[in-house]
Protein chains: 2
Amino acid sequence: MKDKGNAPQETSHDGAISSKSRRTTLQDVASEAGVSFSAVSKVIRGASGVSPEMRSKVTAAIEKLGYRPHAGARAMRGKSFTIGVVLVELTSPFQPEVVQGISDELETSPYQEIIVAAGIAPERQQRAVEALIDRQVDGLILIAPWTTAEWLEDIAAKIPTVVVARHGGARNFDTVVDDDYEGARLMVDHLVGLGHRRIVHTSMPSGGLTRPFVLSHTARLDGYEQAMKRHGLEPEVIVTSYSEKGGYQAALQALAGTPRPTAIFAGADVAALGVLRAAEEQGLMVPEDLTVTGYDNIYVSTIGRISLTTVDQSGQLTGANSAKLLLERINGRETPKNYVVAPRLIPRATSGPPATATLQSQAELSST
Amino acid sequence: MKDKGNAPQETSHDGAISSKSRRTTLQDVASEAGVSFSAVSKVIRGASGVSPEMRSKVTAAIEKLGYRPHAGARAMRGKSFTIGVVLVELTSPFQPEVVQGISDELETSPYQEIIVAAGIAPERQQRAVEALIDRQVDGLILIAPWTTAEWLEDIAAKIPTVVVARHGGARNFDTVVDDDYEGARLMVDHLVGLGHRRIVHTSMPSGGLTRPFVLSHTARLDGYEQAMKRHGLEPEVIVTSYSEKGGYQAALQALAGTPRPTAIFAGADVAALGVLRAAEEQGLMVPEDLTVTGYDNIYVSTIGRISLTTVDQSGQLTGANSAKLLLERINGRETPKNYVVAPRLIPRATSGPPATATLQSQAELSST
DNA sequence: GAATCGGCGTGCAACGTTGTCCATGAAAAG
DNA sequence: CTTTTCATGGACAACGTTGCACGCCGATTC
């Protein structure tokens with residue numbers, strides 16, 4: 001394997017090769033196999049018009065030299081085999097689960113994902129998408145984008161796109177959503193079934209989006225309100241943010257009301273954690289004095305100390321499905337598909353019948 | 001702006017343009033500005049030999065056409081302005097914080113990060129790195145890689161690299177590590193200061209790595225053992241994994257010992273959560289009957305219901321610093337740098353003096 | 001006033017692929 | 001035995017950049 005002496009490394013002017021050795025290219029493989037480089041390209045692309053011997057010779061050479069195609073060069077002509085994924089925050093508990101589902105699904109495909117955490121601001125999200133398009137991604141998966149519907153349609157007209165956690169369907173892209181409406185109903189039914197009547201819901205600003213093109217939290221809000229009305233109960237909503245702090249603030253506000261609610265249904269598990277803190281501070285026992293529930297079934301909710309009653313929507317499944325839809329779309333499908341993930345109620349330790357059931361119903365009666 | 005009739009869209013054979021309009025290129029900008037495309041390239045690259053008028057004309061044209069450079073084409077000749085980041089798991093609580101730090105740092109640079117979750121298996125991590133190299137990343141940040149030191153040096157010889165959370169320094173790459181050794185000492189001192197003498201530590205397998213080239217958890221283990229010995233105490237280590245389940249199992253094992261330990265110092269917060277669950281199941285009050293502490297100061301540890309005593313190592317800072325080091329290296333620095341993040345003890349509600357202090361010391365005396 | 005210099009703009013050859021078009025030769029059909 | 005067909009492999013022109021080499025021209029120097 002020594003190549004000393006009479007094998008001049010190509011007569012280039014480039015005297016000082018920068019120690020970092022050159023990458024093996026199609027050309028290298030071609031000369032190793034003793035064929036033309038177009039033939040090698042054909043083998044790699046699985047194009048027709050290749051004899052079996054040809055194929056095996058080339059495959060052997062590729063193996064021997066450890067050849068790997070240059071993504072940049074590929075991107076110049078056609079596909080880059082790269083998928084762009086945009087999410088809001090990596091350190092938030094739910095969205096990374098979706099990404100993990102995407103990663104796992106793409107693991108067996110030739111595609112590689114690029115992940116960008118773009119925050120909540122629409123402008124920054126748009127810049128992130130543009131940066132991905134510069135990198136010639138073959139497709140986009142946008143998780144809970146806060147941009148306008150028109151902008152999304154424009155982007156999707158240019159490049160195969162799947163949007164996650166956004167309701168309302170679309171013309172040019174596929175969607176994967178949890179049935180948030182149904183999930184909220186499940187939770188309200190659970191709480192009402194336990195005997196609760198004053199149930200407060202915490203939500204987030206709608207971000208200027210209009211129905212039916214809304215993000216998950218708005219659909220949950222709608223589901224909550226409808227379910228409450230169906231039970232003949234008065235909805236009560238407090239709008240803060242989906243964060244521990246937002247939940248804490250919402251809880252303080254809710255608990256100051258008279259009569260005090262017996263249950264707080266936070267729109268997200270993170271917010272429910274804040275509600276728990278507020279309850280603790282006010283000396284309320286959960287679930288004896290106050291039932292607290294969330295949505296998302298994030299990891300923290302499962303651990304013993306928290307054991308939060310919540311709704312599961314399988315981030316993994318959501319991610320895997322969006323990756324599947326995107327690959328279909330890259331392979332030519334044009335008609336939009338909308339995949340709906342069925343939510344599942346997970347009753348745990350933070351929900352129970354209201355201890356003050358009799359007292360409460362008296363208050364209800366006198367106030368009606 | 002209508003271009004009907006006598007503006008033939010270039011005399012190409014390509015009749016059916018696939019609706020998705022062509023991207024604007026250097027050439028387009030050049031004709032808009034009435035200059036050569038090399039001139040435009042110079043302006044973009046900030047090369048010398050450009051007159052002010054030239055620059056403004058070109059900048060205007062770029063602005064007008066909304067030109068954005070094609071990353072693939074750039075990657076063919078030189079830089080791709082892309083950084084590859086490899087981590088173990090996106091859904092783990094600590095590593096995404098590091099990535100967030102990297103993202104924030106790169107936000108103001110022309111570089112864009114590609115994130116890959118590669119799992120714990122060295123082979124899969126290696127494949128991930130190769131996929132990134134195929135994409136011509138200009139640099140790599142590897143978070144807690146389980147690969148051999150030789151392999152890392154080989155990669156780093158080819159491409160600027162920063163390794164996070166791996167001790168021992170290196171020839172060809174920079175490292176950013178928390179001073180895990182010191183952090184473990186802080187925790188042991190804290191516990192001993194409270195009066196504990198039987199302190200169990202939970203760790204993870206070393207993954208076949210040999211000192212001094214070890215991952216964080218091994219350094220924590222070393223720090224724990226040294227500190228215990230300095231206090232004249234007997235170290236007791238249980239090896240499982242850094243997960244809720246791993247912590248649970250370790251705790252069961254530890255609590256079965258006689259005399260029972262009064263404190264369990266888990267090597268990671270996630271594991272400490274499992275310890276808490278085990279304690280709860282056995283009817284032990286924390287911290288009255290058992291002190292539980294962790295390491296990493298993940299988000300969950302901060303919330304009221306958990307309020308875990310732990311050691312903070314600022315993932316954000318770690319990430320930001322590794323990005324800075326990588327950019328320096330991309331700009332030509334060759335001499336390796338090792339950045340050490342100072343750990344900080346965060347005492348919270350899960351640690352306190354052992355209730356059975358007298359009893360405990362009797363047991364100690366009789367067993368010695 | 002001629003020679004030299006340096007600033008500025010242009011031309012052009014890569015870079016590593018893809019996919020179309022073309023030449024070759026063997027097998028099948030007449 | 002000649003013509004057509006078809007499978008196979010090779011040549012080659014893009015793709016959108018970068019960065020070097022060159023040529024022009026006005027200004028400085030002797």
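Remember, predicted model here, so these are calculated numbers, not experimental data. By convention in this document, chain letters (A, B, ...) are assigned in the order of the sequence lines, proteins followed by strands, and residues within each chain are numbered from 1. Just so you know, these numbers use all the heavy atoms, side chains as well, and skip hydrogens, waters and symmetry mates.
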Original post:
Atom CD of Q136(A) to atom C1' of dT18(C): distance rounded to whole Å?
Top reply: 15 Å
Original post:
Who passes salt bridge (charged side-chain N to carboxylate O under 4.0 Å, His left out) against R171(A), sequence neighbours left out?
Top reply: none
Original post:
For residues 43-59 of chain B, which residue pairs qualify under salt bridge (charged side-chain N to carboxylate O under 4.0 Å, His left out), counting only residues two or more places apart or in two chains?
Top reply: none
Original post:
When you measure from every atom of DNA chain D, which of residues 47-54 of chain A have a heavy atom less than 4.0 Å away?
Top reply: G49(A), V50(A), S51(A), M54(A)
Original post:
So which heavy atom on V137(B) is nearest to which on I159(B), and how close?
Top reply: O-CD1, 3.2 Å
**OP:** With sequence neighbours excluded, give me every salt bridge (charged side-chain N to carboxylate O under 4.0 Å, His left out) pair touching residues 26-35 of chain A.
**Re:** R22(A)-D28(A), E32(A)-K64(A)
Subject >> Residue pairs involving residues 130-150 of chain A (criterion ring-ring contact (aromatic ring centres under 6.0 Å, His included); sequence neighbours excluded) >> reply: W146(A)-H217(A)
**OP:** Only pairs at least two apart or in different chains count here, so list each side chain to side chain donor-acceptor pair (under 3.5 Å) that has a residue in residues 124-133 of chain B.
**Re:** E107(A)-R124(B), E107(A)-R127(B)
Taking only nitrogen or oxygen atoms into account, show me every contact under 3.5 Å that the protein makes with nucleotides 17-19 of chain D, one pair per line with its distance.
| from | atom 1 | to | atom 2 | distance (Å) |
| --- | --- | --- | --- | --- |
| dT17(D) | OP1 | Y67(B) | OH | 2.7 |
| dT17(D) | OP1 | H70(B) | N | 3.4 |
| dT17(D) | OP2 | L26(B) | N | 2.9 |
| dT17(D) | O5' | Y67(B) | OH | 3.1 |
| dT18(D) | OP1 | R74(B) | NE | 3.1 |
| dT18(D) | OP2 | S41(B) | OG | 3.1 |
| dT18(D) | O2 | R77(B) | NE | 3.1 |
| dT18(D) | O2 | R77(B) | NH2 | 3.2 |
| dG19(D) | OP2 | R45(B) | NE | 3.4 |
| dG19(D) | N7 | R45(B) | NH1 | 3.0 |

Original post:
Considering residues at least two apart in sequence or located in another chain, which fulfil the salt bridge (charged side-chain N to carboxylate O under 4.0 Å, His left out) criterion with K337(B)?
Top reply: E328(B)
Original post:
What residue pairs, at least two apart or across chains, pass ring-ring contact (aromatic ring centres under 6.0 Å, His included) with a residue in residues 34-75 of chain B?
Top reply: none
Subject >> Sequence-distant partners of Y111(A), ring pair (Phe, Tyr, Trp, His ring centres under 6.0 Å), two or more places apart >> reply: F81(A)
Subject >> Axis-to-axis angle between the two ends of the helix from dG1(C)-dC30(D) to dG30(C)-dC1(D) (five base pairs per end, rounded to 10 degrees) >> reply: 50°
Subject >> R166(A): salt bridge (charged side-chain N to carboxylate O under 4.0 Å, His left out) partners, not counting sequence neighbours >> reply: none
